[in-house]
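What you see is a predicted model, and the numbers here were worked out from it, not measured in a lab. Each chain gets a letter, A, B and so on, in the order its sequence line appears, and its residues count up from 1.
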2 protein chains.
Amino acid sequence: MTTCFFERHHEKIESAINAIQDRGFFSAYPEVPSGKIYGENAKSDGKAFFDSVIDSQFSLSQSTNGDWVGGEASPYGINLGVTYPEVNVDDLMHSMTQACNDWRKASVETRVGCALEILDRLNKKSFDMAFAVMHTTGQGFMMAFQAGGPHAQDRGLEAVAYAYKAMLDCPSEVTWKKQVGKDDFVTLDKQFAIVPRGIGLVIGCSTFPTWNSYPGLFASLVTGNGVIVKPHPQAILPSAMSVRICQEVLMEAGFDANIVTLVADTVEAPKTAELVQHDSVSIVDYTGSSEFGEWVEANAGDAIVYTEKSGINSIIIDSVESMKPVSGNIGFSLCLYSGQMCTTPQNIFVPKGGIQTTDGTMSFDDVSQAIVKAVDWMLSDQGRANEVLGAVQNQATADRVDSVQGDVLRSGDGIGHAMFPEARTRSIKIVKTNSSDLVTIAQEHFGPIVFIVETESTEESIQLASSIARNHGAISCGLYSTDDDVIEQAIDVMTCAGVPVSCNLVGNIWVNQSAAFSDFHVSGANPSGNATLTDSAFIAGRFNVVQSRTCVPVEKKVEA
Amino acid sequence: MTTCFFERHHEKIESAINAIQDRGFFSAYPEVPSGKIYGENAKSDGKAFFDSVIDSQFSLSQSTNGDWVGGEASPYGINLGVTYPEVNVDDLMHSMTQACNDWRKASVETRVGCALEILDRLNKKSFDMAFAVMHTTGQGFMMAFQAGGPHAQDRGLEAVAYAYKAMLDCPSEVTWKKQVGKDDFVTLDKQFAIVPRGIGLVIGCSTFPTWNSYPGLFASLVTGNGVIVKPHPQAILPSAMSVRICQEVLMEAGFDANIVTLVADTVEAPKTAELVQHDSVSIVDYTGSSEFGEWVEANAGDAIVYTEKSGINSIIIDSVESMKPVSGNIGFSLCLYSGQMCTTPQNIFVPKGGIQTTDGTMSFDDVSQAIVKAVDWMLSDQGRANEVLGAVQNQATADRVDSVQGDVLRSGDGIGHAMFPEARTRSIKIVKTNSSDLVTIAQEHFGPIVFIVETESTEESIQLASSIARNHGAISCGLYSTDDDVIEQAIDVMTCAGVPVSCNLVGNIWVNQSAAFSDFHVSGANPSGNATLTDSAFIAGRFNVVQSRTCVPVEKKVEA
């Protein structure tokens, strides 16, 4: 069965390994939510699945204390009422440790095969997942489908590919023969075993519960570790669905389901700290706020910790050929999922003297107004606004929008939702400020809050964007310039600050987007996180190679 | 010039990259101290060099406050009297940060070429290095030549190979083209830059100042970082000689010498803690005691830390065909460098009921006496004893030998040195104890101190060896058994405890030995250290890849 999984999907893993080395465009799971691909009834089946889990107990095949826990509410105003098996942490660790013994001993291809089968089944459930992601994160349906489904699956496959490649990096055995005299040799048979670190803990976030968690989940799993998925208490369902599929595949392959488990909790009674500090946890993958991320980094003991925290992203506008495609592109980036992406720009730096365009100088105020107008247009149609903005995941984010003061160029008032009247919405609040206002711009304002910052010059814009990134982290940077020297200088400075720069994006590509197999998400080189999705460093610490060597007796020489 | 270095040595790096993937026997630098290889006068030139540096100021081309510092004394009883440029740490960091800007921007091949040229020049100076290593560590001349020279150079080359391979893992640029409509494409030109972490600190030990330091030095250097070499205050000279060669090559290649620097200090006024805690230090490579190693791990802040600390190594004797080749092999392992290798066995576990041999059962006492006799024979000739034992590096080690009490089977009294009457020597002290004496056997006794431990059974021997390794660390384990089931079980249990097992070693191969390009030194999977010399994980954290991407304008369609 397990060999069969690997054989079934071996072309996919080979393509993925080629892709991580080429880094050109590659995707294994179709991003178009089409009935032709996913089945004519896939969407209605997904909706029916979602309706069926509302107010139900979501069963899993794992260690539990028999109680049920959960308290999710959709940002669209629906109370989910789903509960999940509650665990006693020590009992869970015991069950997992027992379960993982066979998993460690399984062949690399067996583990990779299981992971590929899990991803395949996740892909087939992409519509189910879309509804679950939409109603926990507040993403619009299209985004929930793509980011929660195929894009997350691509990120998972990318991690499997890196892990498989890393495990193949060392042969499993070799004969070592050294000449120690004219006719004398020492011969050793050497074997190299992959030893997983133990149990990996994957701490999910409330905005991208699958996309941000699959890399750590699959990287730890494929390298032989057990995995605890600890979702945000407001976004459990997508993780629970993922864990259920993991457990089904593992059991079919003859393993104990406790290799991958869910720990659900509530905002009122969180369990994350207990898990992070538990002796049995050897790996932590964390996505979430910088504040708690720093606590995790400091309190995980001997566990190796991979973090994606948060940052303060910038757009630097120096010069453009034509403003309209630029402001249109920026406008969409600001609106998408109400600015709740870790890659959404917060500070837009524009020189006070304005910028050069093909049609002459454009003033600071005209640049600002072009951006405001682009956002206005994007949100002028309620259907489009609802789909692009989605809903605001957390009340604290909505409150933050309301509380921002200053020279407000555009209000952040909510836009009514056509389908979900109780949805929590905010629009994009745009505030003008200047480069001396470090209290504002050198602080993260998570959500749909944008500052257009008047600087002395593009040089100051670059200096501010880079120093903020060095001190507080940044995950993206957009640059608009028609001057090759400016582009070269900005890229060099921002690269040293660990920030990937996207230059002159217009049309159907946005600074927020990060494509699996090509874009490295988070560089690991500034305070926004210490890890990259996905590179070799993201894999390397999850297992050790431990060798053994055995003397091969010297053959007695036969006297002639 | 720099391209010329890479071209000059490109066959060597290609062979090394093949070797780390095959892991069969490979060595780039000849281990035989032959005049035919190293020059007819190489040994006398080496001695003359050593004599010339005694009581001199050892100049370097780096930041200094103008003072000179040093206080090394040879374990062979000679006061070295060499002093080295003293540094002001903040000034040094400033100079290095400036110097490293060009180094970061240099091509990968330029950096690899410089490293290969450094290794080549180190190799040519192997006899000079042998005298320096001998008179700082106390190693015998042959070992000082091999471990301090070619074997250390091989370890350095291995790190260069892994680093080069890791940097080639990602292309430097790619065109990414995604179909977004029937005839519509988005095209991005992407570039991927290698961004070093900053400054690496390499903390050396007193026993293997080059072998244990070169991997970290070369791994950090080749990936674009500056490197501070901070030797043990009693073993500075080998590091200073290495740094001088680094600086010479860097300057010839047009770089600032402050890319690789030495920080010398004294036992009375140590500088290591200040360096570890300095904000500019981003990487720490540490070899030394567990106690200080744990302090380094806890106090290095955001720096990534690679440690080789210490462990408690075991030999498990279950059954043998014939005892004589076994006890002879063990005897040499115990004697080599007076038990001061991190791989030297400390606890030898033997069942109280004795062991099976081809000639019947051999009692516990007979096994013990066979080992004692093998050591006695090895040390029965003064010349051989002096060469194999060398001298004791540190007075604390000598005192430890003297203070060990118990059922002493063999005393650890010193053996006079034929050439150096003032040499600090101890012989191999062998003490009998049993498996309940955890106070003794679950504690590290660094130096020529060996316990032969009576156990209930081989099962208990394996259990003890593995639990001690899990709790206190272990770097090597020797196993003697003629029973395949015992071998399989012992390897599985010790592998899970992160300890490489060497089975049934006899003849010219010893458990202490770790061959570059084939043996992984320290697994990283138990408390003896968190890093391996050398694997991908040892490289991965030393640099990040930061990308940039630029929109390629869509070509206007020409209407027909």
Side-chain angles (χ1 to χ4, degrees), chain A residues 21-25 104 166 169-171 174-181 184 186 188 190-193 195 197 302 487 491 494-496 498-509 515 518-520 523-525 532 535-541 544-551 553-554, chain B residues 21-25 104 166 169-171 174-181 184 186 188 190-193 195 197 487 491 494-496 498-509 515 518-520 523-525 530 532 535-541 544-551 553-554:
Chain A
Q21 289 168 157
D22 296 345
R23 304 207 77 80
F25 176 78
R104 165 180 74 81
D169 206 34
C170 179
V174 74
T175 299
W176 180 90
K177 190 169 181 180
K178 178 181 178 181
Q179 188 160 13
V180 293
D184 288 341
V186 171
L188 296 176
K190 300 191 179 187
Q191 300 204 303
F192 301 93
V195 179
R197 280 182 72 92
D302 289 337
I487 292 174
I491 288 178
M494 295 306 290
T495 295
C496 285
V499 190
V501 176
S502 299
C503 297
N504 296 329
L505 297 195
V506 293
N508 290 314
I509 183 79
S518 183
D519 294 325
F520 291 112
S523 72
T532 298
D535 63 4
S536 300
F538 187 69
I539 305 298
N544 296 104
V545 175
V546 183
Q547 68 173 114
S548 57
R549 51 186 189 179
T550 302
C551 229
V554 179
Chain B
Q21 288 167 159
D22 296 344
R23 303 207 79 80
F25 177 79
R104 166 179 73 82
D169 207 35
C170 178
V174 73
T175 299
W176 180 89
K177 190 168 181 180
K178 179 181 178 181
Q179 188 160 14
V180 293
D184 287 340
V186 172
L188 296 176
K190 300 192 180 187
Q191 300 204 301
F192 301 93
V195 179
R197 280 183 73 92
I487 292 174
I491 288 177
M494 295 306 290
T495 295
C496 285
V499 189
V501 176
S502 299
C503 296
N504 296 329
L505 298 194
V506 292
N508 289 314
I509 183 77
S518 184
D519 294 324
F520 291 112
S523 71
N530 71 4
T532 299
D535 64 4
S536 300
F538 187 70
I539 305 298
N544 296 104
V545 174
V546 183
Q547 67 174 115
S548 56
R549 51 187 189 178
T550 303
C551 228
V554 179

**Student:** Answer yes or no: is there a side-chain heavy-atom contact under 4.5 Å between A:I509 and B:C551?
**Tutor:**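 Of all side-chain heavy-atom pairs linking B:C551 with A:I509, at least one is under 4.5 Å.
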**Student:** When rounded to the nearest 0.5 angstrom, what distance separates OG1 in B:T550 from CD1 in A:I491?
**Tutor:**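 Separation between the atoms: 5.0 Å.
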**Student:** Pick from B:S536, B:C503, B:P500, B:P171: which one has the most heavy-atom pairs with chain A under 4.5 Å?
**Tutor:**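 Top option by heavy-atom pairs under 4.5 Å: B:C503.
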**Student:** Go through the atoms of B:L505 and report whether side chain, backbone, both or neither lie under 4.5 Å from a heavy atom of chain A.
**Tutor:**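 B:L505 touches chain A through backbone and side-chain heavy atoms alike.
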**Student:** Can you list the residues that meet the side-chain hydrogen bond (donor to acceptor under 3.5 Å, both in side chains) rule with A:D519, with sequence neighbours excluded?
**Tutor:**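 Only B:K190, B:Q547, B:R549 meet the side-chain hydrogen bond (donor to acceptor under 3.5 Å, both in side chains) criterion with A:D519.
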**Student:** When only pairs under 4.5 Å are counted, which of A:T495, A:I487, A:D302 shares the most heavy-atom pairs with chain B?
**Tutor:**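 When all of A:T495, A:I487, A:D302 are compared, A:T495 has the most.
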**Student:** Who wins among A:C496, A:G498, A:S502, A:A515 for the most heavy-atom pairs under 4.5 Å with chain B?
**Tutor:**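 Counting heavy-atom pairs under 4.5 Å, the top option is A:S502.
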**Student:** How far apart are the closest heavy atoms of B:A540 and A:A540, and which atoms are they?
**Tutor:**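 In this case the closest contact between B:A540 and A:A540 is CB-CB, 4.3 Å.
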**Student:** Non-hydrogen atoms of chain A under 4.5 Å away: do they reach the side chain of B:N508, the backbone, both or neither?
**Tutor:**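 Backbone plus side chain of B:N508, per the 4.5 Å heavy-atom cut-off to chain A.
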**Student:** Does any backbone or side-chain atom of A:L188 lie under 4.5 Å from a heavy atom of chain B? Answer side chain, backbone, both or neither.
**Tutor:**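 A:L188 touches chain B through side-chain heavy atoms alone.
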**Student:** Flag the one option from A:I539, A:D22, A:V180 with the top tally of heavy-atom pairs under 4.5 Å to chain B.
**Tutor:**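 Sorted descending by pairs with chain B, the first entry is A:D22.
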**Student:** If I measure from the heavy atoms of chain B, does A:F192 come under 4.5 Å with its side chain, its backbone, both, or neither?
**Tutor:**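 Only the side chain of A:F192 comes within 4.5 Å of chain B.
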**Student:** Given that the side chain runs from C-beta out, which part of B:A193 has a heavy atom under 4.5 Å from chain A: side chain, backbone, both or neither?
**Tutor:**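 The side chain, not the backbone.
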**Student:** So which heavy atom on A:S523 is nearest to which on B:V545, and how close?
**Tutor:**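 Looking at all heavy atoms of both residues, the closest pair is CB-O, 4.3 Å.
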**Student:** With respect to chain B, which residue among A:T532, A:N504, A:D169 yields the maximal number of heavy-atom pairs within a distance under 4.5 Å?
**Tutor:**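 If we count pairs closer than 4.5 Å to chain B, A:D169 comes out on top.
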**Student:** Would you please test A:V501 and B:V546 for side-chain contact (heavy atoms from CB on, under 4.5 Å) and show each step?
**Tutor:** CA-CA 9 Å; A:V501 176; B:V546 183; over 6 Å; no
**Student:** What pair of heavy atoms forms the shortest contact from B:W176 to A:R23, and how long is it?
**Tutor:**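 That closest heavy-atom pairing would be CD1-O, 4.1 Å.
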